[in-house]
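Note on naming: letters A, B, ... go to the chains in the order of the sequence lines (proteins, then strands), and numbering restarts at 1 for each one.
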Amino acid sequence: MLLAAALTTLTLGAYAPPANAEYGDIVINNYSDEAGMRPPIFPHWFHRIRFRCKICHSDLGFKFKAGGNDINMAKIINGEFCGACHNGEIAWSIENCEVCHSAKPGTPTQVHRSTLQTLIMPLGK
Amino acid sequence: MNKPSITVFAALITLAFLGVTGSSHAQAAALSTEKQDPNRFNRLLPPKDKRTPPVAEDGIHDPKGAGVKVLQEPREAFGVLIKGKGGNYVDWVKSLDKKKIKPLYDLDDPELVPMTVDMNIVREVKGTMPDVVFPHEQHTQWLECANCHPAIFIPQKGANPMSMVDIMLGNKCGVCHGTVAFPVTECRRCHSKAKPMKARQKVSAKSTRK
């Protein structure tokens, strides 16, 4: 029964219209699937209303590469990456697992609606 | 996806469609009634009403998760900002200028304001497109010199070969434009400087000669 449900989800996933999330939403999935968590989604639009790029991409050291920072929970609770703010002081703290871990299981690491993702014809090789 | 996983996937799809449960029958039927008119007006252009969809319907958030119930709807946030033509459909430059948003520049010192540099770099463009003006002013509002120099651009006018295809592949300007900052569809925001008359005539003379 459970297996059947999982199969149905898979099928629907394969036939669903292309995802249409907000421009700049980033799914990070280096470890989450394996660990049985939904992958986290980082919304750029939400954070850039509150913070300039420099805070995250210089001061906190996030490299300009989706999935390229090797983030994990141990680093986050030590105050690195998301944990520099999601510490109960600047923003709500990390026990709110599902607010970050909100993607459909199996969603690969991606920058949502990036040029490459939205091109009708693939560019280059 | 590699070969074996495609095979497995195909097998799973077939299995599910053979109707392992009643519910998958029903869902398969629902899917087939949604089949679109093959000769509909726009085949490839995504419809306008699909912009800025609710979080639960955006295709990447799991509507079954607890997260979607508390996350903010982008429409609500964008309603008070200045509209733009692409990307988030927000003009982030104007929204910042008009103080519709007041993003922090430093976590430790909320009063700190960015040191902006007012320096435009004009890049002459091959062909008929207007030249590209790169404004340091609007960039240093958001970013620090070290975000671009020297990893993305050597700080020397003309020292960085660029092309449109390269940008669309996510390099140079395309590191940010096409991922987070306004996307490449907004040609005129970059290609903003009309070519001098002479150069334009030269280009059109060349193209009529063919």
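- Atom CZ of B/Arg40 has more than 12 neighbouring heavy atoms from other residues, nucleotides or ligands inside a 6.0 Å radius.
- Atom CG of B/Asn88 sits about 4.5 Å away from atom CD of A/Glu22, to the nearest 0.5 Å.
- Partners of B/Glu137 according to the salt bridge (charged side-chain N to carboxylate O under 4.0 Å, His left out) rule, which considers only residues two or more places apart in sequence or in another chain, do not exist here.
- By the 4.5 Å heavy-atom criterion applied to side chains, B/Ile60 and A/Lys104 are not counted as neighbours.
- Per-residue counts of heavy-atom pairs under 4.5 Å with chain A were compared for B/Gly87, B/Gly174, B/Gly67; the largest is that of B/Gly87.
- With rounding to the nearest 0.5 Å, the separation of CZ in B/Arg51 from CG in A/Asn20 is 10.5 Å.
- Of the atoms belonging to B/Val175, it is side-chain heavy atoms, and not backbone ones, that fall under 4.5 Å from chain A.
- The contact list for residues 63-97 of chain A toward chain B, using heavy atoms and a distance under 4.5 Å, reads A/Phe64, A/Cys85, A/Ile90 by residue number.
- At a 4.5 Å heavy-atom cutoff, the contact between A/Thr107 and chain B is made by side-chain atoms alone.
- Contact annotation for B/Ala66: both backbone and side-chain heavy atoms come within less than 4.5 Å of a heavy atom of chain A.
- Listed by sequence position, B/Pro114 are the residues of residues 113-125 of chain B in contact with chain A, using a 4.5 angstrom heavy-atom cutoff.
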For a side-chain contact (heavy atoms from CB on, under 4.5 Å) check, start with the C-alpha distance between B/Asp62 and A/Ser102, then their side-chain angles and the critical distance, and finish with the verdict. CA-CA 6 Å; B/Asp62 188 347; A/Ser102 62; over 6 Å; no

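- Annotation: B/Lys100, atom NZ; neighbour count of heavy atoms from other residues, nucleotides and ligands within 6.0 Å does not exceed 12.
- B/Thr179 places a side-chain heavy atom less than 4.5 Å from the side chain of A/Val111.
- Most heavy-atom pairs under 4.5 Å with chain A, from the set B/Val90, B/Ile167, B/Val68, B/Leu107: that is B/Leu107.
- Comparing B/Pro53, B/Pro54, B/Ala151, B/Gly170 by heavy-atom pairs within less than 4.5 Å of chain A, the highest count is held by B/Pro53.
- Heavy atoms of B/Glu57 lying under 4.5 Å from chain A are absent altogether.
- Of all residues spanning residues 24-57 of chain A, those with a heavy atom less than 4.5 Å away from chain B's heavy atoms are A/Gly24, A/Asp25, A/Val27, A/Arg38, A/Ile41, A/His44, A/Trp45, A/Phe46, A/Arg48, A/Ile49, A/Arg50, A/Phe51, A/Arg52, A/Cys53, A/Lys54, A/Ile55, A/His57, arranged by number.
- Considering all non-hydrogen atoms of both residues, A/Tyr23 and B/Gly178 come closest at OH-N, 3.0 Å.
- Most heavy-atom pairs under 4.5 Å with chain A, from the set B/Leu104, B/Thr52, B/Leu71: that is B/Leu104.
- In this structure, chain A has a heavy atom under 4.5 Å from the side chain of B/Leu96, while its backbone stays farther away.
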